Amino acid sequence: MTAVFGVETSCLGQRWCMPDFPDEEIRALMKAGVESENFAKMLAVRGIQPDEVSFFMDPRLKDMPDPVLILKQADVAAKRIADAVVHKQKIGIFGDYDVDGITSTTLIYTFLKKVSDAEIFAKIPERDDGYGPTPVAMKDFVDKGVELVVTVDCGTSAYEAFAAIPNTDIVVIDHHEQDGDLPQIVAVVNPKRTDEYVNELTKKYYPRDMAAVGVVFMVLVALNRELRTRGWYDDKRQEPDLREGLDLVALGTVCDVMKLHGINRLFVKYGLQVMANRKNNGLNCLQTMVKVKDKPTSWTLSHLIGPRLNAGGRIGSSNLGFQLLCSENMSDANGIVLKLEDLNTQRRDMCSEVLRQAIIQVEQEPEDCPVVFAYGKDWHHGVIGIIAGKLKDRYKKPALVMCGEAEDVHGSGRSVPDFDLGAAIFKAKEVGILTAGGGHTLAAGFSLTTEKIEEFKSFIVEQRLSKDVVKYADLNIDAALSMSAANSDLLKRIEMLEPYGEANPEPMLALADVTIISPRIVGVGHVSCRLRCAGCRDLSAIAYNSADSDLGMTLLKSDGAVCHIAGTLHWDTYHGDNAVQFYIEDIAVVV
């Protein structure tokens, strides 16, 4: 990593860095069709290889791989579910209470309701019930006469729950890490199976990084084909258009913070287009509530729609989100959206207070501790995952937040790229420190007793210290440019990187040696200015919500000063005429 323009400490105290790439790597990307060196570097930062350029730049549904070639037992699962459809067997669907679980449950439930005449039961547990299937929930399905249980976004390690219904067929569609042997059931479709396929298709499409809703979609593709092969569709029973469910796939993928590479990028690109058509009543009402006027973006999903859909599972009723996404009329949908909006407001207020208390705790610990911990016995366990994420972003370290007392302490963690938190949680469970736990590389949940908290903290710190601790840049730069290069041609190329998300953030640009002209406060706390460089047309720039921050105050004092600027490039809709505008994120005054 090289310090960009030598900026080691910006006005926000940040170090600007950009990876060093061999010239031959950049040339190889350009030979693969990338038009400029700067854009090739942006792709290199995202880990895109020359043979991946075409699909990354222009993913198409027709190029989607066959599910049975990238997911083990997808064909077995499809055939068993098809049997249940054809023979009108009762089917029980058990999901998780987060956005990925809710969208996964809705996707398969709505599909089966369209193609089957049998009764379909769906269950979203409350957060207090704990994660994953329970013996009680499984027996409840059996009491209803269910002959096939399908779990989504959970179930890979639900040995006890499945043992409670030994005579009922079970299919698991999941994406969580495998913990020990797989349960002995009809099928486990999970890209993180330890015996999952490793071939050219899986290397190209990254199925291991799929959200559960993406795995469900792939199983439905296989199921739909199976039903078609059996002649299930006729003049009376029309074949569903699976593309109509891609809005749910995009929502679950973005909100579960999956990497937007490979097949995930395909799902989100097309899913956003489907969502813009507003055919799902629930999503339509949510978009209206959050005032989405133009086409939704991945930011819309992660920052506006996702939190509201999640609010029910965090501090209200988990079933609200499922009911919303399945709403058959706008009146019902509007009523649920209002409930979720109220819950989300309560959730935000709760998060503000818990975060304040957590920061006080963290600030009292040694700065050199490689992991951040916070614990409050009275904190609501529905918000601790959010707090863990905020602490991770603030301190740039893995963060684990716990709540509860005695025998019932719940925890949630968020990690940084070089530390596999899910694996560490599994180890802690194996050695008896945790009573339960699981998750992904970057996120995990767990349970333990109060008396084990200190032992758990020491264990995680030891796991962290056993790995190479990487010091990350405070601000990662995608391209270092002269101001003349920040033009409409570059922005048109940058737009080809959308949709943005995990592992594909909006490109952060650094402009060298620009002069700040006429900085002033505009609107409600924004700072506007012009950027000037010899031989170039002035570039409009703005730093949003910055007037009372170090960034805004530095800009206001820098009229006529030469600076390096970091930020993102956008269309200037105010001045028009194909003009661009720079959104300032940081500044370093040239001494």
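Heavy atoms only: backbone and side chains are in, while hydrogens, waters and symmetry mates are out. Just so we're clear, the structure is a prediction, and the values are computed from it rather than from any experiment.
Of the listed residues (D100, D256, T105, L246), just one forms a side chain to side chain contact (heavy atoms under 4.5 Å, CB included) with V213, and that residue is D100. Of the residues V99, D98, T106, the one that meets the side chain to side chain contact (heavy atoms under 4.5 Å, CB included) test with I102 is T106.
L71 places a side-chain heavy atom less than 4.5 Å from the side chain of E196. Annotation: side chain of H261 is not in contact with side chain of F55 (no heavy-atom distance under 4.5 Å). When side chains are defined from C-beta on, I359 counts as touching L391, because their heavy atoms get closer than 4.5 Å. For the pair P499 and R265, the minimum side-chain heavy-atom distance is below 4.5 Å. Side-chain atoms of V221 and V219, non-hydrogen and from C-beta on, never get closer than 4.5 Å to each other. Between M210 and M258 the shortest side-chain heavy-atom distance does not fall below 4.5 Å. For the pair N167/E147, no side-chain contact is recorded, criterion being any heavy-atom separation below 4.5 Å from C-beta on. Side chains of L400 and S412 form no contact here, defined as non-hydrogen atoms less than 4.5 Å apart.
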- Task: With side-chain contact (heavy atoms from CB on, under 4.5 Å) as the test, would you mind laying out the steps for L338 and N334 before giving the verdict?
- Result: CA-CA 6 Å; L338 290 174; N334 272 316; 5.6 Å; no
- Task: Given side chain to side chain donor-acceptor pair (under 3.5 Å), test E495 with H570 step by step and report yes or no.
- Result: CA-CA 9 Å; E495 287 182 320; H570 301 263; over 6 Å; no
- L324 and L320: side-chain contact (heavy atoms from CB on, under 4.5 Å), yes or no, with the steps? CA-CA 6 Å; L324 176 66; L320 281 174; over 6 Å; no
- Message: Run the side-chain contact (heavy atoms from CB on, under 4.5 Å) test on V149 and I93 for me, step by step, so that the C-alpha distance in whole Å, both residues' side-chain angles and the decisive distance to 0.1 Å come before the verdict.
- Response: CA-CA 6 Å; V149 172; I93 304 166; over 6 Å; no
- Task: Give the intermediate values and the outcome of side chain to side chain donor-acceptor pair (under 3.5 Å) for residues Y206 and E52.
- Result: CA-CA 11 Å; Y206 304 104; E52 299 169 340; 2.8 Å; yes
- Query: Given V401 and I387, is the side-chain contact (heavy atoms from CB on, under 4.5 Å) satisfied, shown in steps?
  - Reply: CA-CA 7 Å; V401 181; I387 303 305; 4.2 Å; yes
- Determine, step by step, whether Y233 and N224 satisfy the side chain to side chain donor-acceptor pair (under 3.5 Å) criterion, reporting the C-alpha distance in whole Å, the side-chain angles of both residues, the deciding distance to 0.1 Å, and the verdict. CA-CA 10 Å; Y233 301 121; N224 194 52; 2.6 Å; yes
- Message: Set out, in order, the CA-CA distance, both residues' side-chain angles and the distance that settles side chain to side chain donor-acceptor pair (under 3.5 Å) for R243 and Q273, then state yes or no.
- Response: CA-CA 10 Å; R243 294 173 298 183; Q273 294 176 12; over 6 Å; no
- Query: Stepwise, does the salt bridge (Lys or Arg N to Asp or Glu O under 4.0 Å) test hold for D75 with R225?
  - Reply: CA-CA 10 Å; D75 54 341; R225 182 171 59 197; over 6 Å; no
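S317 places no side-chain N or O within 3.5 Å of a backbone atom of G313 that could act as its donor or acceptor partner. Without hydrogens or angle criteria, H87 side chain to Q89 main chain gives no donor-acceptor distance under 3.5 Å. Side-chain atoms of E126 come within 3.5 Å of backbone N or O of S318 as a donor-acceptor pair. Using a distance-only test at 3.5 Å, with no hydrogens or angles considered, no donor-acceptor pair links the side chain of S549 to the main chain of N545.
Under a cut-off of 6.0 angstrom, the local environment of NZ in K90 is crowded, with over 12 non-hydrogen atoms contributed by other residues, nucleotides or ligands. No more than 12 heavy atoms of other residues, nucleotides or ligands sit less than 6.0 Å from atom NZ of K259. Annotation: K192, atom NZ; neighbour count of heavy atoms from other residues, nucleotides and ligands within 6.0 Å is above 12. Other residues, nucleotides and ligands contribute more than 12 heavy atoms inside 6.0 Å of the CZ atom of R348. Around atom NZ of K72, more than 12 heavy atoms belonging to other residues, nucleotides or ligands sit under 6.0 Å away.
Residue F217 holds its CZ atom at 10.5 Å from OG1 of T253, rounded to the nearest 0.5 Å. Summarising the geometry, atom OG belonging to S157 is positioned 9.5 Å from atom NE2 belonging to H176; distances are rounded to the nearest 0.5 Å. Taken to the nearest 0.5 Å, the CG atom of L491 stands 4.5 Å off from the CG atom of L569. Once rounded to the nearest 0.5 Å, the distance linking CG of L343 with CZ of R314 reads 12.5 Å. Taking CD1 of I263 as the reference point, atom CE of M64 lies at 6.0 Å (rounded to 0.5 Å). Note that the CH2 atom of W379 and the SG atom of C403 stand 8.5 Å from one another [nearest 0.5 Å].
There is a side-chain donor-acceptor pair under 3.5 Å between T156 and N190. Side-chain contact check for E239 and W232: no donor-acceptor pair (N or O, by modelled atom type) lies under 3.5 Å. A side-chain donor from one of T297 and T300 sits under 3.5 Å from a side-chain acceptor of the other. Between N281 and N284, the side chains place no donor N or O within less than 3.5 Å of an acceptor N or O (distance only, hydrogens not considered). Using a 3.5 Å distance cut-off with no hydrogens or angles, the side chains of Q73 and R80 do not pair a donor with an acceptor. With hydrogens and angles left out, the side-chain atoms of D153 and H175 include a donor and acceptor closer than 3.5 Å.
Between D140 and K144, at least one side-chain N (NZ, or NE/NH1/NH2) sits under 4.0 Å from a carboxylate O, which counts as a salt bridge. Using a 4.0 Å cut-off between a side-chain N of Lys or Arg and a carboxylate O of Asp or Glu, R347 and D349 do not qualify as a salt bridge. Using a 4.0 Å cut-off between charged nitrogen and carboxylate oxygen, K204 and D63 do not count as a salt-bridge pair. With salt bridges taken as basic N to acidic carboxylate O contacts below 4.0 Å, none links K377 and D408.
Cation-pi geometry between R46 and F56 is not met: the NZ or CZ atom fails to fall both under 6.0 Å from the ring centre and inside 45° of the normal.
Here the two rings, on F121 and F141, have centers that are 6.0 Å apart or farther.
Closest heavy-atom contact between D174 and C154: OD1-N, 3.1 Å. Counting all heavy atoms, side chain and backbone alike, A212 lies closest to S104 at C-OG, 3.5 Å. Here the shortest heavy-atom pairing between A74 and P67 reads CB-O, 4.1 Å. The shortest heavy-atom contact between P307 and N344 is O-OD1, 3.4 Å. Counting all heavy atoms, side chain and backbone alike, Y270 lies closest to P59 at CE1-O, 3.3 Å. Closest approach of A333 to C285, counting heavy atoms only: CB-SG, 3.6 Å.
Pairs of residues two or more places apart, or lying in two chains, that qualify as ring pair (Phe, Tyr, Trp, His ring centres under 6.0 Å) and include a residue from residues 290-336 are Y109-F322, W299-H303.
Partners of D234 according to the side-chain contact (heavy atoms from CB on, under 4.5 Å) rule, which considers only residues two or more places apart in sequence or in another chain, are K236, R237.
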